[in-house]
Amino acid sequence: MSDTLITIVAILLAAVLMFIFPLLSVSERSDDISQLSVASATAEFVDNSRAIGKITMDNYTTLISKINATGNSYDVELEVKVLDENIGKKSAWTQGTVIGENVYYSVYTSQIVEVLKDKGVYTMKEGDIISASVKNTNKTLSQTIRGVFYSLSGSDVYS
């Protein structure tokens with residue numbers, strides 16, 4: 001009777017070692033590749049937009065299609081910090097030609113996409129700063145498997 005129990009435990013342990021851990025390893029590798037692909041596409045989009053001084057609808061849709069090609073869903077957040085040149089002169093300056101401090105105000109994704117839909121292009125000027133952040137919104141296979149392992153071990157915290 002005890003030999004049967006040990007055999008069953010050994011078979012279950014072998015199944016976990018032969019199938020679950022390799023599956024976890026492959027799914028983690030897939031997540032790493034997806035992350036690298038998304039980071040590369042985002043950097044390329046920001047560099048292109050900064051180089052030409054505008055965000056075009058074609059560049060934006062190319063970014064969206066490249067990151068969606070990974071099979072995951074993402075939330076893309078764009079921010080353009082627009083340079084608002086304060087033309088007021090400070091009285092503390094001794095020269096009359098010195099202009100006051102430069103201030104930035106932010107334009108976010110919804111406003112940028114609205115301009116892209118209307119005009120097809122969002123134009124920036126010299127001194128503007130563009131940033132993009134992409135966040136995964138779905139649970140990948142790797143996250144699901146890790147979640148199962150963490151729940152079996154008694155810890156419900158894994159993201």
Side-chain angles (χ1 to χ4, degrees), residues 19-93 95-159:
F19 299 111
I20 302 299
F21 285 121
L23 179 63
L24 180 62
S25 176
V26 168
S27 62
E28 284 179 350
R29 177 69 57 143
S30 174
D31 284 355
D32 291 343
I33 291 170
S34 294
Q35 182 180 3
L36 181 63
S37 174
V38 167
S40 160
T42 306
E44 181 183 339
F45 169 76
V46 169
D47 289 343
N48 275 347
S49 298
R50 189 183 66 220
I52 64 175
K54 55 188 168 185
I55 302 170
T56 63
M57 190 61 153
D58 290 338
N59 287 348
Y60 183 70
T61 54
T62 301
L63 170 69
I64 298 299
S65 66
K66 280 183 180 179
I67 64 174
N68 285 338
T70 63
N72 296 320
S73 60
Y74 294 95
D75 182 26
V76 178
E77 295 178 9
L78 301 176
E79 179 182 6
V80 175
K81 292 183 180 180
V82 179
L83 179 62
D84 185 22
E85 297 167 347
N86 183 0
I87 58 172
K89 295 179 182 173
K90 290 191 169 203
S91 60
W93 296 100
Q95 294 177 331
T97 60
V98 176
I99 297 177
E101 294 179 5
N102 293 330
V103 178
Y104 288 93
Y105 65 90
S106 294
V107 178
Y108 296 101
T109 307
S110 60
Q111 297 161 318
I112 294 169
V113 170
E114 187 176 313
V115 171
L116 287 176
K117 286 181 181 175
D118 290 342
K119 298 179 183 176
V121 64
Y122 179 88
T123 307
M124 299 179 288
K125 63 182 185 296
E126 187 176 346
D128 290 354
I129 301 169
I130 180 173
S131 63
S133 103
V134 180
K135 295 178 185 171
N136 188 356
T137 58
N138 67 321
K139 230 176 182 181
T140 64
L141 180 61
S142 171
Q143 292 169 333
T144 304
I145 293 172
R146 284 210 176 267
V148 168
F149 279 128
Y150 277 95
S151 66
L152 289 176
S153 68
S155 175
D156 290 335
V157 180
Y158 179 76
S159 62

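What you see is a predicted model; the values in this text were computed from it and never measured.
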Could you walk me through whether T109 and I112 pass the side chain to side chain contact (heavy atoms under 4.5 Å, CB included) check?
CA-CA 5 Å; T109 307; I112 294 169; 5.8 Å; no

As a quick check of understanding, evaluate side chain to side chain donor-acceptor pair (under 3.5 Å) for T137 and D75, giving each step before the final call.
CA-CA 6 Å; T137 58; D75 182 26; over 6 Å; no

What verdict does the side chain to side chain donor-acceptor pair (under 3.5 Å) test give for S106 and E79, after you've listed the backbone C-alpha separation in whole Å, the side-chain angles of each residue and the deciding distance to 0.1 Å?
CA-CA 6 Å; S106 294; E79 179 182 6; 2.7 Å; yes

Please lay out, stage by stage, how D32 and R29 fare under the test salt bridge (charged side-chain N to carboxylate O under 4.0 Å, His left out).
CA-CA 5 Å; D32 291 343; R29 177 69 57 143; 5.2 Å; no

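The backbone N or O of L83 lies less than 3.5 Å from a partner atom in the side chain of K125, making a donor-acceptor pair. In this structure a side-chain-to-backbone donor-acceptor pair under 3.5 Å is missing from T123 to K54. Between the N68 side chain and the I64 main chain, a donor and an acceptor come within less than 3.5 Å of each other. Within the 3.5 Å criterion, the main-chain N or O of F45 finds a donor-acceptor partner in the side chain of S49. Side-chain atoms of S25 do not come within 3.5 Å of backbone N or O of F21 as any donor-acceptor pair. Panel note: side chain Y60, backbone V121; no donor-acceptor pair is recorded below 3.5 Å. A side-chain donor-acceptor contact under 3.5 Å links Q111 to the backbone of Y108. Using a distance-only test at 3.5 Å, with no hydrogens or angles considered, no donor-acceptor pair links the side chain of S40 to the main chain of L36. A side-chain donor-acceptor contact under 3.5 Å links S34 to the backbone of S30.
The nearest pair of heavy atoms linking A132 to L78 is CB-CD2, 3.6 Å. Taking every heavy atom of both residues into account, M124 and I55 meet most closely at CE-CG1, 4.3 Å.
Each salt bridge (Lys or Arg N to Asp or Glu O under 4.0 Å) pair with one or both residues in residues 106-120, not counting sequence neighbours, would appear here, but there are none.
Atom CD of E77 has more than 12 neighbouring heavy atoms from other residues, nucleotides or ligands inside a 6.0 Å radius.
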